[in-house]
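Counting convention: from 1, in listed order, for ligands and their atoms alike. Numbers here simply count residues along the sequence, with the first being 1. All heavy atoms count here, side chains included; hydrogens, waters and symmetry mates do not. All values reported here derive from a predicted model rather than from experimental measurement.
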Amino acid sequence: LEDSIAQPVGTTLERYIMRTQSEFPYATGELSQLLRDIALAGKIVSREINRAGLAEVAGAFGQQNVQGEQQQKLDVVANIRFIRALTNGGQACAVLSEEEDGIVHTGNVQGKYVVAIDPLDGSSNIDVNVSIGTIFSIYRRVSPYGAPATEADFLQGGRRQIAAGYILYGSSTMLVYTTGHGVAGFTYESSLGEFFLSHPRMLIPETGSIFSCNEGNWHDYPEYVRDYLTRCKERRCSGRYVGSLVADYHRNLLVGGIYLYPPTQKNPDGKLRLLYESFPLAFVIEQAGGRAEAGPGLGRVMDLMPTHFHQRTPLFTGSYSLVDELLGMETT
Ligand code: AHG
Ligand code: MN
Ligand code: MN
Ligand code: MN
C-alpha cells in the first residue's frame, strides 16, 4: 500500500494532483483531468446547495427516478451538473448515475474512463439543511476506444476501480478520494474557489464508540445485527445517524465507528446501491485501514460481482475491529 508522497497541508488540489501524477511516469494526465472535472462540479453543486433556501432548487422535482424515489430538485440539478462537467472535461466516455436509468454517453468516445455517480446523496436532508454529499467511482473502460461504452465497463467489480471518493457538503465542503495510494481529504475555501489539502493521509481508528443505523428498522434486522446493537448499548456507545450516508461515513472515518444498513423488509437486499455508493466507499475505507462487508458469509463489498447497474447490497463499514466483531456475532 505505497502511499502518495506526503504533501504539506495547505497545498492546493491542483498541486496535489500534479505532484501525485508526477510519481507515475506513465501517467498521461487524463485521470488528473477527470479528478479536476469532478472537483469543479463539486464546487458548482456546493454553491447551488448553499443557496438552496433562496433559489428555487429546494423541494421535489415532481418525477420518480429508476429507484422509485421522488426526485428532489437538487438531485436533478446535481445530476445535470456532474454529467455536464464530465462531458465538457472530455475524459469520461460515459456516466452511470443513480438518477438515470441507463448509461449516459458523453460523446467523448476517445475517453479512457467511465464514472458511476450518486450525484446527491442524502436527498431527504436537502430541505432541512442537513449535510448531504456526492459519491463517485471511476473505472478505466474495457470496451474499445472510439466505440460507445458498454454495460461491461460499469460491471467490472469493486477491485477494478481506478479511483473513488466523495464530496461532503457539510459545515465545510470537503473532497475525499483515493487512487489506491492512501486517502486524501481537501477542504473547500469558497472565497478563493480552491480545495486545499487538509487531511493528507486519512486513516480510520481501528475501533470506535459510534454506531450509525436507522433503528426504525429494528424489527426487520437480522438477529446478529440486533445482538450487536444491544452489545453497543451495553457499552454505552453513541448512536449517531444523520441519514446521509456520506455524512455518517465521513464522521466515522475521522473518529472511528461503524455504519450499518442491514437488509430490511422494504429492502431485503439492503438499500444502498453497489455501484455508486458501496463500491466507492468500500475502496476508500479499505485504503484508510477500515473494512466494508456485505454481511456474514457474503464477503467484502469490494469483492462482490455486480450484475445490474442499480443493484443494492447490505453495507457494514467502518473501523476494522467493529466490523469484525459484528460479523462474529453470526456464529455465537
Ligand atoms: P440517496 O439520497 O442518494 O438516495 O441515498 C440515501 C441513502 C443514504 O444517504 C442514507 O444513509 C440512507 O439512504 C438513509 O436511508 P433511511 O432513510 O432508510 O435511513
Ligand atoms: Mn445515496
Ligand atoms: Mn442520491
Ligand atoms: Mn436517491
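Among the heteroatoms counted here (N, O or S) of Asp118, OD1 is the one nearest to the Mn ion (ligand 3). The atom of Glu69 nearest to the Mn ion (ligand 4) is OE1, with the search restricted to N, O or S atoms.
Looking only at atom types and distance, the side chain of Arg19 has no donor-acceptor partner in the side chain of Thr11 under 3.5 Å away. Side-chain contact of Gln21 with Ser32: a donor-acceptor pair under 3.5 Å is present, judged by distance alone.
Using a cutoff of 4.0 Å between basic side-chain nitrogens and carboxylate oxygens, Glu286 and Arg159 are scored as salt-bridged.
Between Tyr16 and Phe195, the distance separating the two ring centers is not shorter than 6.0 angstrom.
In this structure, OD1 of Asp121 and OE2 of Glu277 enclose an angle of 110° at the Mn ion (ligand 2), rounded to 10°.
At least one N, O or S atom of Glu98 sits under 2.8 Å from the Mn ion (ligand 3). Residue Leu120 counts as close to the Mn ion (ligand 3), with an N, O or S atom under 2.8 Å.
The cluster map of Ile, Leu, Val, Met, Phe, Trp and Tyr, joined by side-chain heavy atoms under 4.5 Å apart, puts Met302 and Tyr276 in different clusters.
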